[in-house]
Amino acid sequence: MADTEVTDQAAELVERVAAIDIAKASGMVCMRLPHPSREGRRTQEVWNVPASTIGILELGDRLVCQGVTRVVMEATGAYWKPFFFLLEARGLDCWLVNAREVKNVPGRPKTDKLDAVWLARLTERGMLRPSFVPPKPVRQLRDLTRMRTVLIRERSRHKQRVEKILEDAQIKLSSVATDIFGVSGRSMIEALIAGKRDPRALAEMARGCMVVKKAALAEALTGQFEDHHAFLCRTLLDSIDFLSGQIDALTVRTTQAVEELPCPDPSGGSRPGAGADLVAKLVTIPGVGMRTAQILLAELGPDMTVFPTADHLVSWAKFAPRTMQSGGKNTSGPTGKGNPWIKGAIGEAALSASRSNTFLGARYKRIVKRRGRKRALVAVGHSLLVVVWHLLNEPETPYTDLGSDYHQHLVDPTRRTRDLVRQLKALGHDVTLTSAA
């Protein structure tokens, strides 16, 4: 169908646009173009296309023939990917936009056609912002790191199920051993499955630091472990071993993908194989290990021109509290929902860094006293992302820790002396100061 309408010429920013409201099996396309003969008018055409490769390629040919300069689509699960990648390969400028920013006006009918028209109207007036869609090598690296994270979480769930079965059989191994899947714990579980139920004989399998706990182990291994529990544990242990093999294979493939990742060059080109150098730089940050560094590189990409400043990156990752003002009163709101993969990696790194004797550890200790543990971890995560941005944006700059006493050097010695004297006097002490020689 086609119709015409009069629009405000001053409001038009993009003349030839197309918008797609995407579903699983199809997409509703709205194309808006200048009228061929009437100045100030626009034509609009809405039609449905199948979400197949042939249908999308035919759509791309049609949009190219009409001179469309921008195609916008709403992020809908994973259904947007075929439209985005195939149309992008056809040479069209594709934008992926956040569903929260393109909601229709409340109270109006909501249909696929009206949603596509609304999206096209917002596009032609320049009222939308594109989401970050990394290039293909970074997307493939993302797939590897995300799959590895999912399998690691699933393996942890299986380990928890094994512990639950042992508790059901009155085996209190986790009360004595910190890790029941260490060398000693795994040997004892395998022996229980094999039919050895003598607590003292099982305790003799202790190795390393567990040797001194043989008496406690003998007591903890006294229970009602039966063949039923052995069958369940055997099934879970086989699954854990299989997942461990898959995780190791993904780690090898991820390391290879990082080494082959093309990185931007200061001269404007790309440096193949520089991804390993960036990961090595990120690992120098306190709390960031090899796996976390690979996740950060996969989620952010090596090109920091996408984020003009470190504040843009922190805001995009939702590690900056939102400011809400009402009636002249400013309050800080929640950080919001960001990339869960980045939040998980940065959260683990912040927790690890908070226990270190570094600048980040000192920052956590300063904030946790007055703001609490969760806010302190968010603040450390904020600092971590700022450091990551600078290291990726400036490949030649190494990480240098400011030291745990950095904030102390910023305090006026006279003021600090006065505060300490006042605190001692409040405790009932007479204070006499003598200058050191």
Side-chain angles (χ1 to χ4, degrees), residues 78 81 132-157 242-265 270-307 310 313-314 316-319 338-356 358 360 377 380-399 401:
K81 294 183 179 181
F132 171 48
V133 180
K136 185 175 181 179
V138 179
R139 295 198 302 265
Q140 292 178 343
L141 181 59
R142 272 187 178 185
D143 293 338
L144 293 173
T145 56
R146 291 181 177 184
M147 178 62 70
R148 182 177 60 181
T149 300
V150 169
L151 294 184
I152 289 175
R153 292 174 180 173
E154 189 61 30
R155 184 177 63 179
S156 299
R157 293 189 183 99
F242 174 76
L243 289 173
S244 297
Q246 296 295 313
I247 292 169
D248 293 339
L250 281 170
T251 300
V252 173
R253 188 66 178 266
T254 301
T255 304
Q256 181 182 356
V258 168
E259 293 175 352
E260 298 174 354
L261 185 68
C263 300
D265 189 82
S270 61
R271 297 175 300 161
D277 297 335
L278 294 179
V279 169
K281 287 184 60 178
L282 295 177
V283 170
T284 60
I285 306 174
V288 177
M290 181 64 68
R291 183 165 60 89
T292 301
Q294 292 174 347
I295 293 174
L296 292 176
L297 187 61
E299 297 299 330
L300 303 178
D303 186 9
M304 285 294 102
T305 57
V306 179
F307 308 102
L313 172 59
V314 172
W316 175 79
K318 303 301 182 189
F319 267 85
N339 186 317
W341 310 97
I342 291 182
K343 283 200 168 186
I346 289 293
E348 291 180 4
L351 184 61
S352 178
S354 66
R355 301 166 182 168
S356 62
T358 60
L360 295 174
L377 288 176
V380 175
H382 183 133
S383 300
L384 278 170
L385 281 174
V386 171
V387 173
V388 168
W389 184 88
H390 283 285
L391 292 181
L392 295 180
N393 191 54
E394 304 165 10
E396 304 301 327
T397 303
Y399 174 75
D401 187 66

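The shown structure was predicted, so the numbers you read here are calculated from the model rather than taken from an experiment. Below, all heavy atoms of this structure are taken into account, side chains as well, without hydrogens, waters or symmetry copies.
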Heavy-atom check, side chain of F319 versus side chain of K343, under 4.5 Å: yes
Taken in chain and number order and not counting sequence neighbours, the residues that satisfy side-chain hydrogen bond (donor to acceptor under 3.5 Å, both in side chains) with S156 are none
Exercise. Do the rings of F132 and F307 sit parallel, tilted or perpendicular, given the 30° and 60° boundaries?
Worked result: perpendicular
By side-chain hydrogen bond (donor to acceptor under 3.5 Å, both in side chains), Q256 pairs with (sequence neighbours left out) E260
T292 and A345 have their tightest heavy-atom pair at CG2-O, 3.8 Å
Taken to the nearest 0.5 Å, the spacing of R148 CZ from L243 CG works out to 14.5 Å
Partner of P302 under side-chain contact (heavy atoms from CB on, under 4.5 Å), picked from L261, N393, V258, D277, is L261
- Are L296 and I346 side-chain neighbours, meaning at least one heavy-atom pair lies under 4.5 Å? yes
Scanning both residues in full, the closest heavy-atom pair of V380 with A353 reads CG1-CB, 4.5 Å
With sequence neighbours left out, the residues meeting side chain to side chain contact (heavy atoms under 4.5 Å, CB included) with T255 are T251, E259, Q294
Sorted by chain and residue number, the side chain to side chain contact (heavy atoms under 4.5 Å, CB included) partners of A293 (sequence neighbours excluded) come out as V279, L282, V283, V288
To the nearest 0.5 Å, atom CG of L141 lies from atom CD1 of I295 at 10.0 Å
Hits for side chain to side chain contact (heavy atoms under 4.5 Å, CB included) against T358, two or more places apart or cross-chain, chain-then-number order -> P286, S356, L360, D401
Can you find a heavy atom in the side chain of T149 that is under 4.5 Å from one in the side chain of R153? yes
Taken to the nearest 0.5 Å, the spacing of L385 CG from L300 CG works out to 7.0 Å
Within the 4.5 Å heavy-atom criterion, are W341 and T145 side-chain neighbours or not? no
dist L313:CG -> M304:CE (nearest 0.5 Å) comes out at 6.0 Å
With sequence neighbours left out, the residues meeting side-chain hydrogen bond (donor to acceptor under 3.5 Å, both in side chains) with Q140 are none
In terms of heavy-atom contacts, A310 and H390 come closest through CB-NE2, 4.4 Å
Sorted by chain and residue number, the salt bridge (charged side-chain N to carboxylate O under 4.0 Å, His left out) partners of R157 (sequence neighbours excluded) come out as E154
Output for pair (L377 CG, L384 CG), nearest 0.5 Å, gives 10.5 Å
Applied to residues 285-301, the salt bridge (charged side-chain N to carboxylate O under 4.0 Å, His left out) test, sequence neighbours excluded, yields R142-E299, R146-E299, R291-E348
In short, salt bridge (charged side-chain N to carboxylate O under 4.0 Å, His left out) pairs touching residues 381-392 with sequence neighbours left out are none
The reported gap from CG in L391 to OG1 in T397 (rounded to nearest 0.5 angstrom) is 8.0 Å
Residues 281-290 vs salt bridge (charged side-chain N to carboxylate O under 4.0 Å, His left out), sequence neighbours excluded, gives none
The side-chain hydrogen bond (donor to acceptor under 3.5 Å, both in side chains) partners of S383 (sequence neighbours excluded) come to R363
Residues at least two apart in sequence or cross-chain that pass side chain to side chain contact (heavy atoms under 4.5 Å, CB included) with P135, listed by chain then number, are P137, V138
### Message
I'd like to know whether V306 forms a side-chain contact (heavy atoms from CB on, under 4.5 Å) with W316, so could you lay out the CA-CA distance, the side-chain angles of the two residues, the decisive distance to 0.1 Å, and finally the verdict.
### Response
CA-CA 11 Å; V306 179; W316 175 79; over 6 Å; no
| Do P398 and T284 come close enough that some side-chain heavy atom pair is under 4.5 Å? | no
